[in-house]
Amino acid sequence: MYSEKIIDHYENPRNAGAFDRNDKTVGTGVVGAPAAGDVMKLQIKVNADGIIEDARFKTYGCGSAIASSSLATEWLMGKTLEEALMIKNTAIAEELALPPIKIHCSVLAEDAIAAAIADYRQKNPELQATDQQAASG
Amino acid sequence: MSTVKLPIYMDYAATTPVDKRVADKMFACLTGEGVFGNPASRSHLFGWDAEKMIEQARDQVAALINADPREIIWTSGATESDNLAIKGAAHFYKKKGKHLVTLKTEHKAVLDSMRQLEREGYEVTYLEPEADGLLDLEKFKAAIREDTLLASIMHVNSEIGVIQDIAAIGAICRENRVIFHVDAAQSAGKIPIDLAQLPVDLMSFCAHKVYGPKGIGALYVRRKPRIRIEAQIHGGGHERSLRSGTLATHQIVGMGEAFRIAAAEMAEDDTRIRRLRDRLWDGIKDIEAVYLNGDMEHRIAGNLNVSFEYIEGESLIMALRDLAVSSGSACTSASLEPSYVLRAIGRVDQLAHSSVRFSIGKYTTEAEIDYAIDKIHAAVSKLRDMSPLWEMYKQGVDLESVQWVTH
């Protein structure tokens with residue numbers, strides 16, 4: 001029932017693990033709920049140039065949820081925060097060939113990326129101005 | 001460790017392989033050299049031979065449950081038997097009352113038949129079992145009304161394997177003149193059933209849970225005191241007009257042989273299967289945050305239903321790919337709802353999502369059990385390393401107090 005890519009990410013998860021969530025260079029996003037059967041924790045580590053240099057995930061959920069978060073960490077690396085926010089659930093769903101009933105897993109991954117970035121920005125308010133400058137410039 | 005053939009089948013509660021002896025008997029009823037005739041053909045030897053085989057199978061089924069062969073009606077399986085019993089009795093006795101009682105953990109064939117009766121104007125009480133999966137007799141008594149016409153309570157639950165006290169429930173039904181139907185799909189051939197003693201009026205059976213073929217079942221309809229039902233399928237008047245349709249000789253013969261074998265061997269099988277099931281539980285029960293679902297004492301030998309907290313059931317099933325098991329997780333069903341049985345016994349959604357049912361049978365070996373134990377340990381540790389909930393639990397976070405971000 002699952003594509004080879006899902007199975008591969010599930011069998012060999014990329015970047016499973018955790019960063020210290022109190023580290024100022026780390027942004028942490030936790031989305032989902034145990035009662036719903038999925039909880040995704042996504043973490044990004046951002047360098048001085050505003051580039052995501054590393055990412056980690058931990059996921060409670062089905063194989064598709066684990067694969068979606070594993071793929072998300074791969075795609076996040078090397079991206080700016082703005083670029084990271086462009087990662088859409090549809091691209092994740094397409095890459096993994098998620099079955100229709102599992103599309104919500106990719107939505108959760110997109111939400112987790114947004115939550116991790118929001119957390120990073122909240123911890124580093126001084127960056128907001130530069131970010132916005134960059135966005136408008 | 002001795003070698004085992006993968007994947008290992010541990011889903012005997014879903015269905016069982018057909019016993020070779022059963023398959024041989026079935027094959028003898030198919031081709032031109034065999035007994036292929038229509039048992040309803042009264043004008044030639046082919047029909048008479050087939051009818052003889054049908055009646056022999058009826059005797060074999062009746063013998064396992066200590067009933068009169070005339071109390072057995074062939075159906076296509078337990079689902080049809082449940083439909084025929086519940087709708088058939090409700091329709092026949094509709095002047096007697098319009099209220100029915102059942103359990104929330106019944107099979108969908110019972111629950112959906114009840115729903116259909118509700119659409120027809122009947123009223124149904126759906127009782128909640130206790131946390132151990134068993135029905136509280138006082139609650140059952142209290143649910144019975146003046147106009148209660150039928151109660152349907154399953155013998156053994158398919159998900160958690162608990163055995164209801166149908167003797168006591170039936171006695172309450174008798175006192176209150178309520179017809180008692182029991183779905184025995186998961187119990188027949190596994191635990192003794194004596195219908196000469198049990199106060200049960202209607203009982204559903206199927207062959208494929210006891211090493212017989214799929215697509216064949218039976219309904220027991222008591223003769224003394226006589227219980228009447230209204231046919232749900234009309235046609236050539238087969239089975240005393242209670243269930244029309246040409247009898248499937250090979251299927252019926254298969255069910256008869258499967259029930260004959262069960263009667264002869266079930267005590268021995270039960271002892272062996274129970275030992276293997278206990279070995280499996282002993283091998284995994286010391287893993288942290290592991291819970292058994294359903295009472296252990298009043299439980300069928302082949303069933304073990306376990307929740308592995310902080311792990312989602314479907315991902316566990318993927319990790320246990322070498323084991324053919326089933327899960328109460330939402331992700332394995334089309335509905336995205338976790339097991340209604342586990343919810344009915346009060347398991348929070350998270351534990352329902354984390355549940356796995358291991359059901360073993362007469363072909364399960366000790367080597368398979370030991371292989372499974374090792375696999376389970378490895379999978380649980382891999383998935384917990386990856387679980388944010390496990391991490392929080394280990395850090396002492398109370399998951400109940402967390403504000404979850406949901407859609």
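Bear in mind the structure is a predicted one, so any value in this text is a computation, not a measurement. We name chains A, B, ... by the order of the sequence lines, and we start the count at 1 in each one.
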Contact check, side chains of R279(B) and D370(B), non-hydrogen atoms, under 4.5 Å: yes
Criterion salt bridge (charged side-chain N to carboxylate O under 4.0 Å, His left out) on K102(A) and E314(B), from CA distance to verdict: CA-CA 12 Å; K102(A) 301 291 189 180; E314(B) 193 219 69; 2.9 Å; yes
Which of L399(B), L389(B), D349(B), V402(B) touches chain A most, by non-hydrogen pairs under 4.5 Å: L389(B)
Most chain A-contacting option - heavy-atom pairs closer than 4.5 Å, from L383(B), L316(B), V348(B): L383(B)
Short N-O contact, R115(B) and E118(B), less than 4.0 angstrom: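 Salt bridge between R115(B) and E118(B), a charged N being under 4.0 Å from a carboxylate O: yes.
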Aromatic ring pairing Y211(B)/Y363(B), orientation class (parallel under 30°, perpendicular over 60°, tilted between): perpendicular
Between P13(A), A18(A), A35(A), the one whose heavy-atom pairs under 4.5 Å with chain B are most numerous: A35(A)
A16(A) versus chain B, the contacting section by heavy-atom distance below 4.5 Å: side chain
